[in-house]
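The structure under discussion appears below in the form of structure tokens.
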Amino acid sequence: MQQQIEAFNQQFQPIMNTEQNAFRLYIVGKKLREGTVSAYDEVDPKEIIIDQSIQDWLLRTTKSMLSSLLEYEIINIQEVDEGGETIRRYIEMTELNQLAQWQQIIVQDQIEGNAHRLINDSDFKPKSLIASFRINDQTIYFLKVISESVLMKTRTIMNWNVARGQYELDENTNKRLFLDEQWDGIIYDNKVVLYNESKILSLFKYYEKFREAAEQVVENIKDLGWISEEADLLRFIGSQVSLQKKLARAANYSFEGIQRDRVVNLINQGTINLNLDGEGKIVCTTKEEAKVVVDVILDNFVTSMITDERYRALNKSKL
């Protein structure tokens with residue numbers, strides 16, 4: 001993935017203007033349903049018709065973002081549980097269904113009308129800007145998560161030119177559309193590279209499926225009667241996305257194979273770093289204890305068939 005983006009960037013950075021290849025800019029969001037006060041309907045992408053001043057802004061900010069992105073190692077989100085200071089993760093487009101639908105509408109050019117009336121509608125709540133750019137049959141999409149407070153609602157920065165039928169930057173501004181000009185991610189080759197990971201994954205509620213599955217597993221664990229009454233496993237799980245993702249793997253597990261007596265013996269031997277209360281139930285009152293409980297449920301304590309050494313195996317596959 002990294003090499004593909006680097007190859008595209010080598011073609012992209014030398015571009016000095018958009019006279020031959022122009023950006024297309026889209027906005028997506030939701031709109032208050034007529035006759036209601038809190039129910040919103042999703043709005044398909046609408047194109048923002050823009051002039052050269054905004055084309056220049058797009059070229060400048062996207063070139064900067066792509067250069068910054070390539071300073072990091074780009075890794076599949078499935079390979080590491082959390083992001084880091086030296087990496088940026090990417091996710092398959094199929095994991096973000098709504099974004100895939102938006103892209104499909106743009107690709108098939110199924111957009112009805114432009115965004116001018118929508119932007120001026122007080123019932124419209126924006127979600128994201130999408131800028132597309134095409135070089136030699138290769139298209140890249142830049143994503144910026146936005147809210148109503150940063151949209152051009154004041155009409156003081158981005159003006160609608162009635163005569164030309166397009167948006168343009170106000171000549172009296174400093175040519176900045178947003179205080180934060182950083183794009184949050186890109187779509188390239190059916191993959192979404194997450195520059196500002198939390199914004200994009202939060203927008204598409206990516207982690208909700210893991211949280212819901214993890215909460216169900218916690219209920220199943222409680223039903224086993226292994227955990228002490230004082231344990232608050234759900235609170236620790238709820239604050240840790242990595243734990244939610246791990247525990248979600250057990251959503252379809254059968255806990256019948258986990259033998260309570262063996263777990264108790266391993267705790268008493270010191271192999272599993274947990275404590276038991278007076279009733280012989282597992283104590284879980286800290287984040288570290290919650291992590292160990294999750295490993296117990298996922299059967300992550302194994303013995304080597306070769307050396308008989310015991311391991312806490314975080315990644316394993318059946319023989």
Side-chain angles (χ1 to χ4, degrees), residues 75-87 89 91 95 194 197-319:
I75 301 176
N76 192 316
I77 199 170
Q78 301 297 331
E79 297 178 10
V80 287
D81 281 336
E82 295 182 355
E85 294 182 358
T86 62
I87 67 171
R89 301 193 294 176
I91 187 171
E95 293 291 318
L194 310 166
E197 182 173 307
S198 61
K199 279 190 175 182
I200 293 180
L201 295 186
S202 296
L203 175 64
F204 297 106
K205 300 179 179 178
Y206 173 71
Y207 288 121
E208 278 199 6
K209 59 183 179 182
F210 298 114
R211 178 183 56 78
E212 292 172 357
E215 288 177 353
Q216 183 57 56
V217 172
V218 169
E219 291 301 317
N220 294 341
I221 294 172
K222 288 181 180 179
D223 291 342
L224 294 174
W226 293 9
I227 309 296
S228 68
E229 296 297 328
E230 293 76 19
D232 194 358
L233 185 58
L234 190 59
R235 177 167 64 89
F236 297 120
I237 297 298
S239 63
Q240 293 286 309
V241 171
S242 59
L243 284 182
Q244 292 173 19
K245 292 181 68 176
K246 288 178 65 175
L247 203 53
R249 300 172 194 163
N252 298 317
Y253 282 11
S254 171
F255 297 136
E256 294 177 358
I258 302 176
Q259 299 180 37
R260 183 177 183 280
D261 290 344
R262 287 191 180 181
V263 174
V264 169
N265 287 337
L266 290 171
I267 292 174
N268 289 331
Q269 293 169 14
T271 302
I272 296 178
N273 190 23
L274 289 172
N275 296 305
L276 301 173
D277 66 10
E279 298 179 354
K281 294 184 177 182
I282 296 173
V283 175
C284 181
T285 57
T286 69
K287 187 186 300 183
E288 289 306 313
E289 288 174 340
K291 290 180 179 179
V292 180
V293 170
V294 170
D295 282 331
V296 169
I297 297 303
L298 294 178
D299 193 22
N300 284 340
F301 294 90
V302 299
T303 301
S304 169
M305 296 174 62
I306 298 174
T307 64
D308 289 330
E309 291 287 341
R310 293 178 174 181
Y311 296 96
R312 187 174 172 185
L314 303 184
N315 294 289
K316 61 185 187 300
S317 57
K318 287 186 175 182
L319 295 176

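Both backbone and side-chain heavy atoms feed into the values below; hydrogens, waters and symmetry mates do not. The model shown is predicted, which means the values in this text are computed figures rather than measured ones.
For residues 269-280, the pairs satisfying side chain to side chain donor-acceptor pair (under 3.5 Å) are Gln269-Arg310, Thr271-Arg310, with sequence neighbours left out.
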Listing, residues 204-212 side-chain donor-acceptor contacts under 3.5 Å, not counting sequence neighbours, or none:
| from | atom 1 | to | atom 2 | distance (Å) |
| --- | --- | --- | --- | --- |
| Tyr207 | OH | Arg89 | NH2 | 3.2 |
| Lys209 | NZ | Glu95 | OE1 | 2.9 |
| Arg211 | NH1 | Glu215 | OE2 | 3.2 |

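For the side chain to side chain donor-acceptor pair (under 3.5 Å) test, no residue two or more places apart in sequence or in another chain qualifies with Lys222.
Ser228 and Cys284 get closest at one heavy-atom pair: OG-N, 4.2 Å.
With Val292 as the partner, the side-chain contact (heavy atoms from CB on, under 4.5 Å) test is satisfied by one option alone out of Ile282, Ile267, Leu274: Leu274.
Within 6.0 Å of CZ in Arg262 there are 12 or fewer heavy atoms belonging to other residues, nucleotides or ligands.
Judged by distance alone, the side chain of Glu289 and the main-chain N or O of Thr286 form a donor-acceptor pair under 3.5 Å.
The line from CD1 of Ile75 to OG1 of Thr86 is 7.0 Å long, rounded to the nearest 0.5 Å. Note that CZ of Arg260 is 10.5 Å distant from CG of Asn265, once rounded to the nearest 0.5 Å.
Contact check for Ile200 versus Ile91: no side-chain heavy atoms found under the 4.5 Å cut-off. At a threshold of 4.5 Å between non-hydrogen side-chain atoms, the residues Leu276 and Asn268 count as touching.
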- List the steps and the verdict of side-chain contact (heavy atoms from CB on, under 4.5 Å) for Ile221 and Val217. CA-CA 6 Å; Ile221 294 172; Val217 172; 4.0 Å; yes

